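Shown next, in structure tokens, is the structure this report addresses.
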Amino acid sequence: QQYAKDAAGKAVDPTIATAEATAIFKANPAAAALSGLVPRIIGVGFKRIPKFGILLGLSFFLGEDGNISTTAAFGASVLSAPFINPIRMIEKQQRAFFK
């Protein structure tokens, strides 16, 4: 079970945390629902753009006509790792910090 924490880092009673979350959603439901969406989209974009860019580049240089081969997919996975792994590490550090 994961408990909510206050600003000091101490566990908060689940009924109090539920009441606070409900009040926030009732005050501004759109902002509460979309909270954190922009950083998530940016992270997904930074991870996907290198992979698909390299995949398209490899399939072009291998002369594939719309059918992506295993070679191109494997090459894109390996060659995009130096771009994707640092972003994954940043996300992991953020999750650990905000836990």
Side-chain angles (χ1 to χ4, degrees):
Q1 169 106 19
Q2 183 177 356
Y3 294 102
K5 296 179 181 177
D6 61 6
K10 296 180 182 176
V12 177
D13 183 35
T15 55
I16 295 172
T18 303
E20 289 177 359
T22 304
I24 290 169
F25 271 96
K26 285 182 180 178
N28 195 347
L34 298 175
S35 173
L37 183 64
V38 173
R40 178 77 177 139
I41 290 174
I42 292 170
V44 168
F46 276 128
K47 287 189 285 188
R48 298 296 182 255
I49 291 170
K51 182 174 282 185
F52 288 110
I54 292 170
L55 180 63
L56 289 174
L58 283 175
S59 64
F60 174 76
F61 286 118
L62 292 174
E64 300 169 355
D65 294 329
N67 295 326
I68 296 174
S69 68
T70 306
T71 306
F74 179 74
S77 180
V78 170
L79 294 175
S80 65
F83 302 101
I84 295 171
N85 286 342
I87 296 168
R88 287 183 176 157
M89 291 302 296
I90 292 168
E91 290 174 343
K92 190 174 183 180
Q93 289 171 347
Q94 287 173 342
R95 283 193 303 271
F97 178 77
F98 289 119
K99 204 169 206 182

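Values in this document were obtained by computation on a predicted structure and should not be read as measured data. When a residue number appears, it is its place in the shown sequence, counting from 1.
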Self-check item: Closest heavy-atom pair and its distance - Ala4, Ala17
Solution: CB-CB, 3.6 Å
Quiz item: Would you find more than 12 non-hydrogen atoms of other residues, nucleotides or ligands less than 6.0 Å from Asp13 atom CG?
Solution: yes
Quiz prompt | Heavy-atom closest pair, residues Glu64 and Ile68 | solution = OE1-CA, 3.4 Å
Quiz item: Of the non-hydrogen atoms in Ala76 and Ser80, which two are nearest, and what is the gap between them?
Solution: O-OG, 2.7 Å
Quiz item: Is there a path of hydrophobic side-chain contacts, each under 4.5 Å between heavy atoms of I, L, V, M, F, W or Y residues, that connects Ile42 with Ile87?
Solution: yes
Exercise. For residues Ala27 and Pro29, report the shortest heavy-atom separation together with the two atoms involved.
Key: C-CD, 4.0 Å
Quiz item: Rounded to the nearest 0.5 Å, how far apart are NZ of Lys92 and CD1 of Ile90?
Solution: 13.5 Å
Quiz prompt | Closest non-hydrogen atom pair, Ala72 against Ser59 | solution = CB-N, 4.3 Å
Self-check item: Distance-minimising heavy-atom pair for Ile84 and Lys51
Solution: CD1-CE, 4.0 Å
Quiz item: Can you tell if the side chain of Thr22 reaches within under 4.5 Å of the side chain of Phe25, non-hydrogen atoms only?
Solution: no
